A.B. asks: 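My questions will all concern the structure given below.
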Amino acid sequence: MKKIIYLDNAATTRTAPEVVEAMLPYFSENYGNPSSVYGLAGESKKAITESREIIAGALGAKSNEIYFTAGGSEADNWALKAVAEAYQSKGNHIITTKIEHHAILHTCEYLEKRGFEITYLNVDENGVVKLEDLKKAIRPTTILISVMFANNEIGTMQPIKEIGEMAKERGILFHTDAVQAFGQVPISVDEYHIDMLSSSGHKLNGPKGIGFLYIRTGLKLRSFVHGGAQERKRRAGTENVPGIVGYGKAVERALRTMKERTDRERELRDYLIQRVLTEVPFVRLNGHRTNRLPNNANFSFQFVEGESLLIMLDMEGICASSGSACTSGSLDPSHVLLAIGLPHEIAHGSLRLTLGEETTREELDLVIEAIKKIVQKLRDMSPLYEDFMKRDQK
Ligand SMILES: *Cc1c(COP(=O)(O)O)cnc(C)c1O
């Protein structure tokens, strides 16, 4: 079998062998239910406590502010729905952005149907929220601001600290979807005035199906899943012990390797961007040139169908994405690319390449050659490109 080049780390990452190894004993050896009283259960309970402490430490939070969930989507749903319910006597207005993940956007639509008013902020051409717009959007009835830390499609980072300060000054709660950023950039919930933060294990070389919501002490949020007393009565259900253990290990690893790993990824990312922009004609980079996730590159190729490009890359053993995994399969162009002002036909020709800790320069060289070849091939079949070239020559 041909070796796979995996450049879709924003969709999910390979679970690190070290993480799998840490999880294994919690399937068939230490399988006790953490809520039980005997010694075997104590092992599970201890492991959960340790993971919680590692994760809390990574954010400068207290361990009783970390609530495990079944992933990033659940954490996003919980944050928004529970704040809406708990604070509706104070107001019914929520501010978010047009470029959030669907776990936020579709939850907002759900809340709109139930009488909440949502402001979806525009972003600039790089995908950055304008603080002036945010300030203007705030009303006396605003109860929550939810802005993602970094975008999953174009990698743009938001001015989280400034947003947090603005929310705090006005007594408004601030939630951030940090699924893409956690483990890639240092985050301090106190320094950034974050009241709630969502994260997911499988985006940082941890297992799938485990995430957490950080909830600052003092917030009155109802339980998300009703049942037993797990997660301090806020999220019932027998804990996903192996998942939690793997998550803790993944976070510990991510912290330990952050500086070196992201420096390396940044260098490779810039190499990739530089070469594609200079060696492929009619291409643009989406997202901020420098203020972006260390591992994200997102391009639009004129006169190319993104889906065809993906299929042909796949035939060369290259895994990439045309936007977010959730939008592929539908013919609507990405809401993020439209929000940064791309016309439909340009947005359709886009390609997201997200590097991982194992990506090498040799792999990128192969990918760049493949892109050059495939883009030319697709353009040679495109009537639009033919017309354009004819016009250009006149
Ligand atoms: C992947 C992702 C999610 C969803 O996380 P799951 O654990 O897959 O549910 C939410 N927000 C962002 C920004 C993501 O990239």
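In this chain, numbering begins with 1 at the start of the sequence shown. We count ligands from 1, going down the list as the structure has it; atoms in each ligand are counted the same way. What you are looking at is a predicted structure, and each value in this text was computed from that prediction instead of being measured.
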A.B. asks: Looking at F182, I'd like to know if the NZ or CZ of K203 sits under 6.0 Å from its six-membered ring centre while staying within 45 degrees of the ring's axis.
C.D. replies: no
A.B. asks: Of the side chain and backbone of A103, name the one, both, or neither that has a heavy atom under 4.0 Å from an atom of ligand 1.
C.D. replies: neither
A.B. asks: Any side-chain heavy-atom pair from R352 and D8 closer than 4.5 angstrom?
C.D. replies: yes
A.B. asks: Side chain, backbone, both or neither: which part of D76 comes within less than 4.0 Å of ligand 1 when only heavy atoms are counted?
C.D. replies: side chain
A.B. asks: To check your reading of the model: name the closest protein heavy atom to atom 4 (C) of ligand 1, its residue, and the distance in Å.
C.D. replies: S73 OG, 3.5 Å
A.B. asks: Between F224 and Y67, is the ring centroid distance below 6.0 Å?
C.D. replies: no
A.B. asks: Name all pairs fulfilling the ring pair (Phe, Tyr, Trp, His ring centres under 6.0 Å) condition that reach into residues 112-142, sequence neighbours left out, sorted by first residue then second.
C.D. replies: none
A.B. asks: Can you tell me if H202 has a non-hydrogen atom under 4.0 Å from ligand 1?
C.D. replies: yes
A.B. asks: Got the closest protein heavy atom to atom 1 (C) of ligand 1, with its distance?
C.D. replies: K203 NZ, 1.5 Å
A.B. asks: Could you identify the single nearest non-hydrogen protein atom to atom 3 (C) of ligand 1 and state the distance to 0.1 Å?
C.D. replies: H101 NE2, 3.5 Å
A.B. asks: Would you please say whether a donor-acceptor pair under 3.5 Å links the side chains of D76 and S198?
C.D. replies: yes
A.B. asks: If we ignore angles and hydrogens, is there a donor and acceptor under 3.5 Å between the side chains of T262 and E265?
C.D. replies: no
A.B. asks: Roughly how far, to the nearest 0.5 Å, is CG of L342 from OG of S300?
C.D. replies: 5.0 Å
A.B. asks: Considering non-hydrogen atoms of the protein only, which is the closest contact for atom 7 (O) of ligand 1, and what is the distance?
C.D. replies: S200 OG, 2.6 Å
A.B. asks: Does a side chain donor of either N77 or T107 reach within less than 3.5 Å of an acceptor in the other side chain?
C.D. replies: yes
A.B. asks: Any N or O of N152 that comes nearer than 3.5 Å to an N or O of ligand 1?
C.D. replies: no
A.B. asks: At a 4.0 Å threshold, what atoms of ligand 1 neighbour a non-hydrogen atom of G71?
C.D. replies: 7 (O)
A.B. asks: I want to confirm something. Looking only at heavy atoms, which of G72, G211, A178, G209 is nearest to atom 6 (P) of ligand 1?
C.D. replies: G72
A.B. asks: Return the closest protein heavy atom for atom 11 (N) of ligand 1 as residue, atom name and distance.
C.D. replies: D177 OD2, 2.7 Å
